[in-house]
Amino acid sequence: MWSIKNKLSTRLMNICIASLCKAKQLEKAEGLIVDGIRIGVQPDVVTYNTVIAAYCRVVGIDPGYSILHRMKEAGINPDVITYNSLIAGATRYCMLSRCLDLFDEMLEMSILPDIWSYNTLMHCFFKLRKPDEAYRVFQDIILKDISLHPATFNILMNGLCKNGYTENALMLFRSLKRHGFTPQLVTYNILIHGLCKSGRGKTAKEFLNELVEAGHIPNAITYTTVMKCCFRCRQFEEGLKIFAEMRRKGYTYDAFAYCTVASMLLKTGRMNEANEYLGYIITNGFDLDTVSFNNIINLYCKEGQLDNAYKLLYEAEKKGLESDKYTHTILIDGLCRTGNFKEAQQHLDCMSMMGFDSNLVALNSFINGLCKAGHLDHALWMFESMDAKDSFTYSTIVHGLCKAGRFRAASKLLLSCVRGGMRILKSNKCVVISGLRSSGFSHEARKVQSKIRLAKILHY
DNA sequence: GTAGGGTTAG
């Protein structure tokens, strides 16, 4: 009688622990185990597995390990699920050697790895951009005749796409289908994403049709993937059509899609529409996070409404949201655009005091603002004093020099940019060459042209 | 335990 009661209590405790873990209240969950033991309710392997999985997911693998030790001390043997959770934790934090150690430990304890142990290990190799090793894990699964899970193919296809083997993923998909494999919606989404990223938007859209024909209903993930693809290919209206469809079908339940669209609109100078959508998420009670706020602050900065931008920052902080490096970079850019360099400099100094890394983007914004306001010498001084420069830095200063008619100086910097292996803007090159020509340096213009060509070949 | 998506500069 007592033993049945005890088992029931353990089961009840496990349910409570699972719900605490779901709510990320891990210390409370651990406390419940201690309390349970005190009143005679013994935790079992499920109890510990639940807590280990939650720690690995939420905090990290080390606390997961310490629960494993406590579990062993309590005389409860870990099983394949315990180890799978730890392997998943190690994969989450890209700790390959821990994954492999766990695999060995499992085998030493005569716990047989299952399909999820292999799936996760394969995923770990892919995440670390080791597709050959990942594929070897897949071959191992086949060799050991372990029955596959649909997710195995998804992980394999996703890994291939992310590692630049979209074509192979596509071939695999087709060959699997010929062998009677039924792709899931996830499978289609993976492939569509891979195709979009590798610039094959047209094939991606064919798959969108195919998945519908196969009886699947596209979800929010499918839509955002294709929408983003349209924006990347500068098919703005088509992307906006997809967004409208998402809204109609109720897939815009959070601020994500709105922010994706708004940032595209801001970048392309469509301020009114950006204003409309960002206004919509403010007034319609969407749960706004730091990134959403950053988008709105960026809108205000772009419109020169710095007061509103700061007011919003204050509001976000009052809500308990922390500003990040984007927030401050956006504000510095806004200050520079309005010619407020003194405050921008103060904000920049403040950023390093707040512990943000040196910020190349903010410095580029600064140089851009200085050039636009005609403070070219200040911009050049800043340019010279920078430790790291990228193609943005060069294109900004080259543009500034050309605007001031200093084409020879501009051509020198353009050349050092391309010699450093960085890409240059076509517009930059054209302005420098035509500027040199029109100011009587045709010979130099030709020389610069051939030097750029040579540098590009050398870096190819 | 497998898929997507938002924020900064030329």
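On a predicted model such as this, the values are computed, not experimentally measured, just so you know.
Here B/dT8 presents its P atom at 12 Å from CG of A/Leu265, a figure rounded to the nearest Å. Between A/Ile115 atom CD1 and B/dG1 atom P the separation is 16 Å, expressed in whole Å. As rounded to whole Å, 13 Å separates atom C1' of B/dT7 from atom CE of A/Met351. Between the C1' atom of B/dG10 and the CE atom of A/Met386 lies a distance of 12 Å, rounded to the nearest Å. Distance A/Phe153 CZ to B/dG1 P: 21 Å, rounded to the nearest Å. If you measure from atom CG of A/Leu160 to atom C1' of B/dA3, you get 14 Å, rounded to the nearest angstrom. A straight line from CG of A/Asn295 to C1' of B/dG5 spans 12 Å, rounded to a whole angstrom. Rounded to a whole Å, the CG atom of A/Asp287 is 21 Å from the P atom of B/dG5.
Comparing atom distances between the A/Asn158 side chain and each of B/dG10, B/dT7, B/dA3 picks out B/dA3 as nearest. Taking only side-chain atoms of A/Ser263, from C-beta outward, the nucleotide of B/dG10, B/dT7, B/dA3 with the closest atom is B/dT7. Residue A/Cys259 has its side chain nearest to B/dG6 when only B/dG6, B/dG1, B/dT2 are considered. Residue A/Asn84 places its side chain closer to B/dG1 than to any other of B/dT8, B/dG1, B/dT2. Picking from B/dT2, B/dG10, B/dA9 the nucleotide with the shortest atom distance to the side chain of A/Arg423 gives B/dG10. Closest to the A/Arg57 side chain, of the nucleotides B/dG1, B/dA3, B/dT7, is B/dG1. For A/Tyr326, taking side-chain heavy atoms from C-beta onward, the closest of the listed nucleotides B/dG4, B/dT7, B/dA9 is B/dT7.
Regarding contacts with the backbone of B/dG10, a side-chain N or O of A/Arg337 is found under 4.0 angstrom from either OP1 or OP2. Put simply, A/Lys302 has a side-chain N or O that comes within less than 4.0 Å of OP1 or OP2 on B/dA9. Between A/Lys325 and B/dT7 there is no side-chain polar atom (N or O) within less than 4.0 angstrom of OP1 or OP2. Dashed line: the shortest gap from a side-chain N or O of A/His123 to OP1 or OP2 of B/dT2 is not under 4.0 Å. For B/dG5, the OP1/OP2 oxygens have a side-chain nitrogen or oxygen of A/His193 closer than 4.0 Å. For A/Asn368 and B/dG10, the shortest distance from a side-chain N or O to OP1 or OP2 is below 4.0 Å. A/Lys162 has a side-chain polar atom (N or O) that falls below the 4.0 Å cut-off from OP1 or OP2 of B/dG4. Side-chain nitrogen and oxygen atoms of A/Lys228 include at least one within less than 4.0 Å of the OP1 or OP2 phosphate oxygen of B/dG6. Checking the phosphate oxygens (OP1, OP2) of B/dT7, no side-chain nitrogen or oxygen of A/Asn298 falls inside 4.0 Å.
Nucleic acid contact class of A/Ala220 (heavy atoms, under 4.0 Å, all strands): base. A/Lys267 comes within 4.0 angstrom of sugar-phosphate atoms only, judged by non-hydrogen atoms across all strands, and of no base. A/Ser391 comes within 4.0 angstrom of a base, heavy atoms only. A/Leu425 comes within contact range of at least one nucleobase, with a heavy-atom separation under 4.0 Å. A/Lys127 comes within 4.0 angstrom of no nucleic acid atom, judged by non-hydrogen atoms across all strands. Within the nucleic acid shown, A/Ile221 comes within 4.0 Å of at least one base atom, counting heavy atoms only. Using a 4.0 Å heavy-atom criterion, one finds that A/Thr396 contacts the sugar-phosphate atoms exclusively. Here A/Asn428 lies out of heavy-atom contact (under 4.0 Å) with every strand.
With salt bridges taken as basic N to acidic carboxylate O contacts below 4.0 Å, one links A/Asp333 and A/Arg337. Ion pair A/Glu167/A/Arg200 flagged as a salt bridge, since at least one NZ, NE, NH1 or NH2 atom sits closer than 4.0 Å to an Asp/Glu carboxylate oxygen.
For A/His375 and A/Phe341, the ring centers sit closer than 6.0 Å to each other. For A/Tyr258 and A/Phe243, the ring centers are positioned less than 6.0 Å apart.
Across every non-hydrogen atom of A/Ile61 and A/Cys56, the tightest pair is CA-SG, 4.3 Å.
Between A/Phe256 and B/dG6, no base-stacking contact is recorded for ring centres under 5.5 Å apart and planes less than 30° from parallel.
Between A/Tyr135 and A/Phe138, the angle of the ring planes lies from 30° to 60°, which puts this pair in the tilted group. Using the six-membered ring where Trp is involved, A/Phe103 and A/Tyr118 have ring planes that are perpendicular, over 60° apart on the 30 and 60° scheme. The aromatic rings of A/His347 and A/His328 lie tilted to each other, with the angle between the two planes from 30° to 60°.
Side-chain atoms of A/Ser395 and base atoms of B/dG10 include a donor and an acceptor less than 3.5 Å apart. Side-chain to base pairing of A/Asn219 with B/dG4: no donor and acceptor N or O lie closer than 3.5 Å to each other. Taking only distance into account, the side chain of A/Asn294 never meets the base of B/dG6 through a donor-acceptor pair shorter than 3.5 Å. At a cut-off of 3.5 angstrom, the base of B/dG6 holds at least one donor-acceptor pair with the side chain of A/Ser292.
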